[in-house]
Amino acid sequence: VISVLMGLAGSVAMADTGVPSGQIATLSETLIDGDTVRFRFLTPAIAPVADGLNYTDVEGDFMALCHDVALPVLADLQMQPSSVVISMMSAPTEFGVANPEVIQFFEGFIIENNACIWEQF
């Protein structure tokens, strides 16, 4: 069962976030999926255009989003999930529904000692 986490605590969750690639990431939604919390970000700069960012361009953004957005939100809500998934999407799309027109990248992290540890899928 997946539920949407409404009313996120802290202004960090509602603000656009600059990341190492230079793009802006806007938190679209946060979902609870068992003991995993998914943070879905709208990142139009990864759109499939000639000058769109590719995975290599945004790879460092995942850790920044986990550290700068996910950890503070989880702390504010006093949640301690076993893992966090950070996803980026070029346009809004429904979770779990395939949309070949939307580029999506994602990475998983284990949360230990208030730190994001990359977990290879």
Side-chain angles (χ1 to χ4, degrees):
V1 172
I2 296 176
S3 59
V4 178
L5 189 58
M6 302 300 286
L8 292 173
S11 60
V12 69
M14 299 303 157
D16 291 339
T17 303
V19 290
S21 68
Q23 71 173 326
I24 298 297
T26 304
L27 185 60
S28 174
E29 67 182 340
T30 304
L31 306 170
I32 300 172
D33 183 3
D35 199 27
T36 298
V37 179
R38 299 175 182 277
F39 290 82
R40 300 183 73 218
F41 291 87
L42 180 60
T43 53
I46 65 172
V49 295
D51 60 347
L53 299 174
N54 62 39
Y55 178 84
T56 304
D57 297 328
V58 302
E59 187 174 7
D61 297 352
F62 290 101
M63 183 63 76
L65 291 169
C66 187
H67 183 266
D68 297 342
V69 177
L71 288 181
V73 167
L74 295 172
D76 284 351
L77 297 173
Q78 299 180 354
M79 293 182 71
Q80 297 179 347
S82 62
S83 62
V84 164
V85 175
I86 303 292
S87 63
M88 297 180 204
M89 56 190 162
S90 61
T93 187
E94 185 178 344
F95 178 74
V97 176
N99 185 341
E101 296 177 12
V102 176
I103 302 296
Q104 295 188 67
F105 302 136
F106 60 92
E107 286 294 344
F109 297 87
I110 296 170
I111 306 301
E112 288 183 4
N113 300 320
N114 200 34
C116 298
I117 301 168
W118 180 64
E119 178 181 47
Q120 188 173 9
F121 283 105

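As the structure is a prediction and not an experimental result, all values here were calculated from the model. FYI, side chains are in, hydrogens and waters are out, and symmetry mates aren't considered; it's all heavy atoms of this structure.
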**Asked** Looking at residues at least two apart in the chain, or sitting in another chain, which of them share a side-chain hydrogen bond (donor to acceptor under 3.5 Å, both in side chains) with Asp35?
**Response** Ser82
**Message:** Check for me, please, whether Ile46 and Ile24 land in the same ILVMFWY cluster - side-chain distances under 4.5 Å, paths through other members count.
**Reply:** no
**Request:** Please report the shortest heavy-atom distance between Asp57 and Leu53, naming the atom on each side.
**Result:** OD2-CA, 3.4 Å
**Asked** How many angstroms lie between CG in Leu42 and CD in Glu29, if you round to the nearest 0.5 Å?
**Response** 11.0 Å
**Message:** As an exercise, state the distance from OH of Tyr55 to CD1 of Ile103, rounded to the nearest 0.5 Å.
**Reply:** 14.5 Å
**Request:** Any side-chain hydrogen bond (donor to acceptor under 3.5 Å, both in side chains) involving residues 83-101? Give me the pairs, sequence neighbours left out, ordered by first then second residue.
**Result:** Thr36-Ser83
**Request:** Please round to the nearest 0.5 Å and tell me the distance separating atom CD1 of Ile86 and atom CZ of Phe106.
**Result:** 12.5 Å
**Item:** Side-chain heavy atoms of Thr43 within contact of Phe105, under 4.5 Å
**Value:** no
**Item:** Shortest non-hydrogen contact between Met89 and Val102, atoms and distance
**Value:** CB-CG1, 4.1 Å
**Co-membership, hydrophobic cluster, residues Phe109 and Ile117, 4.5 Å side-chain** = no
List the atom pairs, with distances to 0.1 Å, where a side-chain N or O of residues 59-67 and a protein N or O form a donor-acceptor pair under 3.5 Å, not counting sequence neighbours.
residue : atom : partner : partner atom : Å
Asp61   : OD1  : Ser21   : N            : 2.9
Asp61   : OD1  : Ser21   : OG           : 3.4
Asp61   : OD2  : Ser21   : OG           : 2.6
Asp61   : OD2  : Gln23   : NE2          : 2.9

**Request:** Kindly say whether Thr56 contributes a backbone atom to a donor-acceptor pair with the side chain of Asn54 at under 3.5 angstrom?
**Result:** yes
**Message:** Counting C-beta onward and ignoring hydrogens, is there a side-chain heavy-atom pair between Val19 and Phe41 closer than 4.5 Å?
**Reply:** no
**Asked** Is there a side-chain contact between Leu74 and Val37, using heavy atoms and a 4.5 Å cut-off?
**Response** yes
**Prompt:** Applying the 4.5 Å side-chain criterion to the ILVMFWY set and letting contacts propagate, would Ile111 and Trp118 be lumped into a single cluster?
**Reply:** yes
**Asked** Got a second to check how far Arg40's CZ is from Phe95's CZ, nearest 0.5 Å?
**Response** 6.5 Å
**Item:** Side chain to side chain, Cys116 and Val84, heavy atoms closer than 4.5 Å
**Value:** no
